[in-house]
Structures are given as C-alpha cells and as structure tokens.
Amino acid sequence: MRCLPEADPGVPDLRSPLRYLWWNARRQAVPLLAGIAYATLWWLVQALMPAVLGKGIEAVTAKNTGSLLTWSAALLALGLLQAFTGIMRHRMAVFNWLAAAYRTVQLTSRQAARLGATLPKRLSTGEVVSVGNSDIAHIGSSMDILLRGVGSIVAIVAVTVILISTSLPLGLLVLFGVPLMAVAVGPLLRPLHDRQRRQRELSGELSTRAADIVAGLRVLRGIGGEQVFAARYRDESQRVRHAGVRVARVESVLEGAQIVLPGLLIAIVTGIGASFAVAGDIPTGQLVAFYLYAVFLIGPMRTLTEAADKLTKGHVAAGRVIRILSIDPDITGGTGTSEGGVLRDSYSGVTLQPGTLTALATSVPGDAIAIADRLGRYAEGDVTFGPAELRTLPLEQVRSRILVADNDARLFNGRLRDELDVRGAATDPRIREALDAACATDIVEALPDGLDAQVAEAGREFSGGQQQRLRLARALLTDPEVLILVEPTSAVDAHTEARIAERLAKARSGRTTLVCTTSPLVLDRAEHVIYVENGRVLAEGTHRQLLDGTPAYAATVTRGED
C-alpha cells in the first residue's frame, strides 16, 4: 500500500474507491455481519406478520377461538422479536457508521501528518476540510445501508417464496416485478454519480475560498478589497447552489420512484388477489395477507433504492479520500545514521558550525526560505549533517533533530500550556524561561487563566506580534539540536526585537542556531553572519565586519540608511 505502510502493512492497494469501501467492510467484518444478521431477522419477522395476521382473520371467520388465541400469541411474539431485533439493528448500524467514518478520519489524519508540507502543495485546504465535513458521513452511510440492504433482499425473497407457495401467479408477479423496478432506477445512478462529484468539487473550492477570505480579512479591509472578494464568494456559492439543485433533481426522481414503483406493485398484487378472492380461489384472510405483503414490500424496495443512492455517494466520497491517500511525500528519508556536526548546504555554501548562533542575511527574502527548507529537509538539496548526507537519514530523526520555525507556523485551539509544550515534558520553570527568552511573559500574565487559558482557533485573540513571540517560545521549548528561525522578529517593535536578540543568544548558548533575518539588531548579536546574494554565499564574518567590508550587505541590512 502506498499510504501508511508502517501503520497497517496488511492493507491492500487502496487506489480504487470500491477497494476502499471493501477494505472498510473487511476491517469491521464482525460488527457488520452481526448487524446484517439482526437486520435480516428484523425484516423476516415483519415478512411473517401478514401471514400470521391472515391466519388470525381466518380463525375469526371460522369462529375458532383456540386458533385465534394461538395466532394472536404468535403475533405478539413476533412483535416482541421485531422490537428487540430493531433495537439491535439500529445499534449495530450506528456502530458501523461511526467505525467507517472515523477510520477514514484516522487514515486521512495520519496521511496528512505523513505528507507534511507536501499536502498543501497538492490539495487545497477546502478539499481536505470537505473530507471531514461530508465525505466521512457518506462513507459511514455506505456501511450503514449494507445492514438494511442485505436484509431487505432476504425479506423480498422470503415474501416471494410465501406468495408462490400460496398463489403461483402472485408469487411470480413479485419475483419478476421487483427486479424490473430495480432495473428501472438504474439509469438514474450514473447522472447522480456525476453530478454529486461535480458538486463535491465545487464545494471544496468554495471552502478554500472561504478559508482564504477569513485568513486575509484584515488585509482585504485594509486595501479595500472586501467587497470584491465577497462578490467572488457569492458567485462561487451560486455555482455550488446550482450544482446542488442539479443533484436534487435526480434525487427527487429517485425518491419519487421509491413511491411510485412499489405503489404500482401494490395495486397490481392487490387487484389480482381481489379477483382471486371474488372467484373463491383464496379465502378472505389470504387476500388481507396479500395486501399486507404488497404494502410491506414498499419498505424493502425503498431500502434498495436508498442503498443505491448511499452507495453512490459513498463511492464519490471514497474517491476523494483515495486522492489524499494516494499522494506520496515529496521528501522521503533513508536508513542512515549521523552523530551530528556541521550542517552544510552545498548549493549555497551556507555552513552552520555546531554550538554557534549564526545569522543569515539575503538580498532576496525567498533565498533565505529556500536555504532553510533545504537545511530542514523540506526541499531536496545536497545537504550534509556531519559526515552523512541529510537525505540518507530517517525523516523522523531529521524532524526531531532539526527544527525549522517560520511565520507560517500556526497556533491551534486548546490550552496555551499544551500549545507551547508540544511534547508535554516541560516544567513550569522551563516554560517561563522560554517565554522570557521570547519576551512573551507579558502575554501570559495578561490572560486570566495564565498558561491554562484556552487558545482560540489559529490564536486569533493574539496580535501578529504576540503570535510570533508565542511561536518563538514554542520553538525554544522544543530545544532541538539545530534550530532554524525564519524572520522571528519581523512583527515586533524595535525595543522588543533588541531584547529578543539578546535573550535568544543566551537561551541557545552552546546549541546550533540559524536566524534568517535582515534586522541589524539581531545580526549584531550573532556570533557569525553569512550574506547570500543570488542564492550563493557572498561574504561571511561578524555584522560589523560585513558592514565595513561588503557594500551589498550594508545596503541590504541598513536599507540605505546611514
């Protein structure tokens, strides 16, 4: 299997939606089979009730009190059994729904964690979010409907056998009528499948648009683009609405067929049965039983059309999940080992000496990000870590030893303490030290519950500068062997920036640290400064040495000021 082989090596190739649904069914085979057994018994009990009721009517007609009591007791027993099997069927249906839905959540979550930076490059945010919003429900429903679907088939077969044994013409009518009705709704499934897929794609695009607008709302208001993007959102929303209406048109025909087709069967069976009763071929009790059988068949037949609808939606949803699971990471690791040492990017020439606070200044900001990505193994590159090539080391080892912290990192909702101490091993004094080094102590002190305060989604209650300082504290608490910070002070004032620069040097004393920045306050605190132009190292030294000896560096960091 291409996705998560280390998590479940026995899983087959899941690049087909049908295979994914079948794999889900196999993983919960025991509860699924138990649910099918309860559902089948539930349907069969209902299928026997018309026959028992017909016998009771015949007993009333014959004025046979003993037979009437017997069949009344049988009807009561069937009612109690129906209640029990109905409860257990529903219980197992809910269990199977939840198992399939949240197994999908687990798989996609693990795959998202495995892909890391690869996922946003391949799929939009809205498409990933839609898996958790709607696709898991459709996949769960496809497992749920299997219980009643299989049971309804058994019930139809049982009713057909009973009718054939009682009246061959009526039994044959049901035997051939039910498959014909199932075939009649077949042409609706393909257009329904296509329209549902299109609606799902548009919904994912709309979710992405909404996420982008919410994330950039402050910027949009600042530049006066709020109305423009609102209009674009309305246009895309209308496209989703029209796609939903097209889906509803097919579904409405399908729902109508669930009423009309069984209704026709009821009318035909009842009419023929009535003619038999008038002719004296069958007793009155059997006529009532035939009518009840015809009415009863509405349930199993509607269940079959419902199964076709839900399995179609489940197939579409499984296709979206498979699209995520079939993605391979852009970056993979090896099986080598390294005791650490000098971290060097051969393309640019940037070299980090162990235990040194190094600053990286570039004429183009994108160059610093590219170098940080290569050093952190987020992009391919000829990078060595000590005597070993970085690409030969296991990716998990690289992530635990080399941390790249940039301004795209997010705060998640939850306790602030848990947000800062992501490994759950730091003591309160250690957390306070990291907050002090990041000049974030005042942020925590201003919160009513301190470190136990709840952080809202993406830390929206904090300003940009506060979020940046909290992210820096989180990175320092992780205490990696190599820490790479990308513009860690770009959103704070000069006074705070100077304090962070001073405290950062102390907090990372003896640890390998790279700070990508063009701030003179931070550069002046670095032990070693590297200046990169056009992607290659142009000069190295201390901040003051480069100011005096490298005009290009001086122009970059002073921005033309004296």
Side-chain angles (χ1 to χ4, degrees), residues 17-18 21 39 43 46 90 93-94 97 100-101 126-127 130-153 155-156 174 176-207 210 233-270 294-321:
L18 287 177
L21 294 176
W43 279 119
Q46 296 178 73
H90 180 70
V94 173
W97 191 99
E127 190 163 0
S130 294
V131 171
N133 286 343
S134 60
D135 288 342
I136 63 169
H138 293 319
I139 291 173
S141 296
S142 67
M143 295 295 108
D144 165 29
I145 197 61
L146 286 178
L147 278 62
R148 289 182 292 125
V150 174
S152 64
I153 294 174
I156 292 172
V174 175
F176 293 103
V178 171
L180 286 176
M181 292 179 184
V183 172
V185 300
L188 297 174
L189 299 181
R190 181 59 183 271
L192 179 63
H193 185 277
D194 295 338
R195 295 184 185 191
Q196 286 174 339
R197 182 174 60 248
R198 177 58 180 165
Q199 183 198 23
R200 171 64 174 73
E201 292 173 353
L202 292 175
S203 297
E205 293 174 2
L206 185 64
S207 298
Y233 182 84
R234 281 195 297 270
D235 292 340
E236 292 187 18
S237 179
Q238 289 302 309
R239 285 198 291 272
V240 175
R241 182 178 69 86
H242 291 315
V245 170
R246 288 193 292 271
V247 171
R249 287 172 181 166
V250 180
E251 287 185 334
S252 64
V253 176
L254 195 60
E255 288 288 334
Q258 294 178 6
I259 302 298
V260 173
L261 296 179
L264 289 175
L265 185 62
I266 290 174
I268 295 172
V269 170
T270 305
V295 173
F296 164 75
L297 286 174
I298 293 178
M301 291 183 63
R302 290 197 64 177
T303 299
L304 290 181
T305 53
E306 181 187 354
D309 178 40
K310 289 188 174 181
L311 289 175
T312 299
K313 290 179 179 178
H315 185 272
V316 174
R320 318 301 297 188
V321 174

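Since we're looking at a predicted model, the values are computed, not measured.
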- prompt: Who pairs with Val247 by side-chain contact (heavy atoms from CB on, under 4.5 Å), at least two apart in sequence or on another chain?
  reply: Leu192, Arg195, Gln196, Gln199, Glu251
- request: Please list, chain by chain and in numerical order, all residues satisfying side-chain contact (heavy atoms from CB on, under 4.5 Å) with Val94, sequence neighbours excluded.
  value: His90, Leu98
task: Just jot down the side chain to side chain donor-acceptor pair (under 3.5 Å) partners of Gln46, sequence neighbours excluded, or say none.
output: none
message: Suppose we screen for side chain to side chain donor-acceptor pair (under 3.5 Å). Which residues come up paired with Arg241, at least two apart in sequence or across chains?
response: Gln238
Would you mind writing out the side-chain donor-acceptor pairs for residues 135-145 within the sub-3.5 Å range, not counting sequence neighbours?
from: Asp135; atom 1: OD1; to: Arg200; atom 2: NE; distance (Å): 3.0
from: Asp135; atom 1: OD2; to: Arg200; atom 2: NE; distance (Å): 3.0
from: Asp135; atom 1: OD2; to: Arg200; atom 2: NH2; distance (Å): 2.6
from: Ser141; atom 1: OG; to: Trp97; atom 2: NE1; distance (Å): 3.3
from: Ser141; atom 1: OG; to: Ala137; atom 2: O; distance (Å): 2.9
from: Ser142; atom 1: OG; to: Ile139; atom 2: O; distance (Å): 2.5

Can you name the nearest heavy-atom pair linking [X] to [Y], along with the distance?
X      : Y      : value
Pro300 : Ile156 : CB-CG1, 3.6 Å
Ala155 : Trp43  : CB-CB, 3.5 Å
Leu147 : Ala39  : O-CB, 3.2 Å

field: Inter-residue atom distance Leu311.CG - Leu18.CG, 0.5 Å rounding
entry: 9.5 Å
query: What pairs with Glu306 under salt bridge (Lys or Arg N to Asp or Glu O under 4.0 Å), at least two apart in sequence or on another chain?
result: Arg148, Lys310
